[in-house]
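One structure is given here, and the rest of the page talks about it.
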There are 2 protein chains.
Amino acid sequence: METTSIQDYLKTIFDLTRDGETASTTALATRLGIAPASVTGMVQKLAAAEPPLVHYRKHQGVTLTAGGEQAALRVIRRHRLLETYLVTTLGYAWDNVHEEACRLEHVISEEFEAKIAAALGNPERDPHGDPIPDADLRLPTDPSTPLSALRPGQGATVLMVRSDDPAFLRHVEEIGLLPGVELHIKNYSHFDQNLEVEIDSQPARVIGLAISCRIFVSVH
Amino acid sequence: METTSIQDYLKTIFDLTRDGETASTTALATRLGIAPASVTGMVQKLAAAEPPLVHYRKHQGVTLTAGGEQAALRVIRRHRLLETYLVTTLGYAWDNVHEEACRLEHVISEEFEAKIAAALGNPERDPHGDPIPDADLRLPTDPSTPLSALRPGQGATVLMVRSDDPAFLRHVEEIGLLPGVELHIKNYSHFDQNLEVEIDSQPARVIGLAISCRIFVSVH
DNA sequence: AAATAAATTTAGGTGTGACTAAATATTACT
DNA sequence: AGTAATATTTAGTCACACCTAAATTTATTT
Ligand SMILES: [Mn+2]
Ligand SMILES: [Mn+2]
Ligand SMILES: [Mn+2]
Ligand SMILES: [Mn+2]
């Protein structure tokens, strides 16, 4: 059976391996809020499952198998559809939907998933700009760049904000860096990696790396 | 902590003790689809909890404590609000909502509960006619009678249909005995306890006890 | 009032998913 | 290359919620 716990592991592994790297025990432990020893145990179980959900070599971290990736995408689809539904239909704030979705994603039926997807018109992105896998679990490869990679003179549109932290999201909202917003880079400080960014034709603001590396844009 | 399992126990005990009787181990086991021995174990835990959630004396069955009843009502409110939401807003069929609600009821936040209650305009009854406890967990005492208690000449309005079984609910729907419908008793057969019922001025139908005892009405 | 049947509890056990403490492997540093 | 620091795994434990089989209690017959 694919338990809540397993689903959250798979989702997290998917996330940690998006860059092609393997997901380390410690990284998983940190992200899941679980002791490293517990992660080792679970990861060995996932690798021993029939069919296996992860590739695992001792001390080398894990990656998802094809089956594990499908399972992860199923949960990710639900998560992002739920977040979208909570914001669009129930009036949740965008900084507040992650936890709720992370609980609901494990219990809704296929019918529920289909109903909210239809009610929303099969949306392609969640409130944070994350792409939603379609019903066949295809995820559009989108050519987004971290804001931190831009340099003065470049213009871009915010695509997504990668964080689950309500405080962080509220801060980003206050700055005005919501998905869809246009921005121009005015300045770059090489030493502290601060960017001076003009957002939506407002006076420019200085943005530190901790923020700019979590905001993904499409460059004009 | 109040686990999913505990919440389902409390809900079921609430249901089984509605008549003032205690809930027996076997009745609980049957309703929950669990071995009687397991029920004994859980019931002892609920009685030993601090504060206790049930009154328990060996071989005598259980009843809810005040605390247990509050906890049960919180879950029942969520269950019935969810059922109503699924039918009203997401277009579920009324025979199909119980299972989904029974999973969701354990994971939604207070905020979710409040949001759907507001979206529905604080409904007082779920799609089956069951009363929904209000935000303070007050449950209106409604003077409903089982249809099986009516006799020829009496007229009534259907208040609720007490079943979770999709097949049963579809059958009741096909007969036309949905909540709100008006009916008149045309005849009663003392031997098989069949009732001949005129529903919504349609030609009368014969209804057996297995059905009539699960349909509750308010007599005119 | 015994004997039998039915309901309930006890005893012992399982799988899941966490934990801590200790052992071991990998990586980084001098 | 050897040592120290860090990451990971192993070993042993726990709570939870279920199970079966056996013992016990309560209810029903005769
Ligand atoms: Mn989750
Ligand atoms: Mn999101
Ligand atoms: Mn339930
Ligand atoms: Mn109902």
Side-chain angles (χ1 to χ4, degrees), chain A residues 1-13 16-17 19 21-64 68 71-72 75 99 102-103 105-107, chain B residues 1-13 16-17 19 21-64 68 71-72 75 99 102-103 105-107:
Chain A
M1 253 302 320
E2 206 173 277
T3 63
T4 291
S5 190
I6 289 177
Q7 291 180 339
D8 279 339
Y9 271 87
L10 294 176
K11 234 179 34 165
T12 308
I13 295 168
L16 290 173
T17 55
D19 55 8
E21 306 283 298
T22 70
S24 74
T25 300
T26 317
L28 276 168
T30 306
R31 283 279 288 266
L32 292 165
I34 277 173
S38 309
V39 171
T40 300
M42 175 61 95
V43 142
Q44 289 175 341
K45 203 175 73 174
L46 296 179
E50 198 45 63
L53 295 166
V54 303
H55 300 294
Y56 167 65
R57 276 179 32 235
K58 266 187 199 176
H59 299 276
Q60 304 300 136
V62 290
T63 54
L64 293 173
V75 187
E99 260 192 71
C102 195
R103 276 178 281 111
E105 66 193 359
H106 310 290
V107 304
Chain B
M1 251 300 323
E2 204 174 279
T3 62
T4 290
S5 191
I6 289 177
Q7 291 180 337
D8 280 338
Y9 270 88
L10 295 176
K11 234 178 33 162
T12 307
I13 295 168
L16 291 172
T17 54
D19 54 8
E21 305 282 299
T22 70
S24 74
T25 301
T26 318
L28 276 167
T30 306
R31 284 280 288 265
L32 292 165
I34 276 172
S38 308
V39 171
T40 299
M42 176 61 95
V43 142
Q44 290 174 343
K45 203 175 73 176
L46 297 179
E50 199 46 62
L53 295 167
V54 302
H55 301 293
Y56 167 65
R57 276 181 29 238
K58 266 188 198 177
H59 299 276
Q60 304 299 136
V62 290
T63 55
L64 293 174
V75 186
E99 260 193 72
C102 196
R103 276 178 280 112
E105 66 194 357
H106 310 290
V107 304

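All chains are named by letter (A, B, ...) in the order of the sequence lines, taking the proteins before the strands, and each is independently numbered beginning at 1. The model shown is predicted, which means the values in this text are computed figures rather than measured ones.
- One can place CG of A/L46 at 11 Å from P of C/dA18, the figure rounded to the nearest angstrom.
- DNA chain D lies under 4.0 Å from at least one heavy atom of each of the following residues of residues 30-45 of chain A: A/P36, A/A37, A/T40, A/Q44.
- OP1 and OP2 of D/dC16 both lie 4.0 Å or more from every side-chain N or O belonging to B/T3.
- One interatomic measurement links the two molecules: CG of B/L28 to C1' of D/dA17, which rounds to 15 Å at whole-angstrom precision.
- As a whole-Å value, the separation of B/I6 CD1 from D/dA15 C1' is 12 Å.
- B/E2 has its CD atom 15 Å from the C1' atom of D/dC16, to the nearest Å.
- Between A/H59 atom NE2 and D/dT9 atom C1' the separation is 6 Å, expressed in whole Å.
- The main-chain N or O of A/T40 is never found under 3.5 Å from a side-chain atom of A/T25 such that the two would form a donor-acceptor pair.
- In this structure, A/Y9 atom OH and C/dT16 atom C1' are separated by 11 Å, rounded to whole Å.
- Between A/M42 and A/I6 there is a side-chain heavy-atom pair separated by less than 4.5 Å.
- Nucleotide C/dT10 holds its C1' atom 8 Å from the NZ atom of B/K58, rounded to whole Å.
- Between A/L28 and A/V62 there is a side-chain heavy-atom pair separated by less than 4.5 Å.
- Atom C1' of nucleotide C/dA18 and atom CE of B/M1 are separated by 15 Å, given to the nearest angstrom.
- Applying the 4.0 Å criterion to OP1 and OP2 of C/dT16, one finds that A/S5 has every side-chain N and O outside that range.
- When every heavy atom of B/A72 is checked against every heavy atom of B/L64, the shortest pair comes out as CB-CD1, 4.0 Å.
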Q: Using the side chain to side chain contact (heavy atoms under 4.5 Å, CB included) rule, take A/H106 and A/D8 through it: C-alpha gap first, then chi angles, then the decisive distance, then the call.
A: CA-CA 9 Å; A/H106 310 290; A/D8 279 339; 3.0 Å; yes
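- The local environment of CD in A/E99 is sparse, with at most 12 non-hydrogen atoms from other residues, nucleotides or ligands closer than 6.0 Å.
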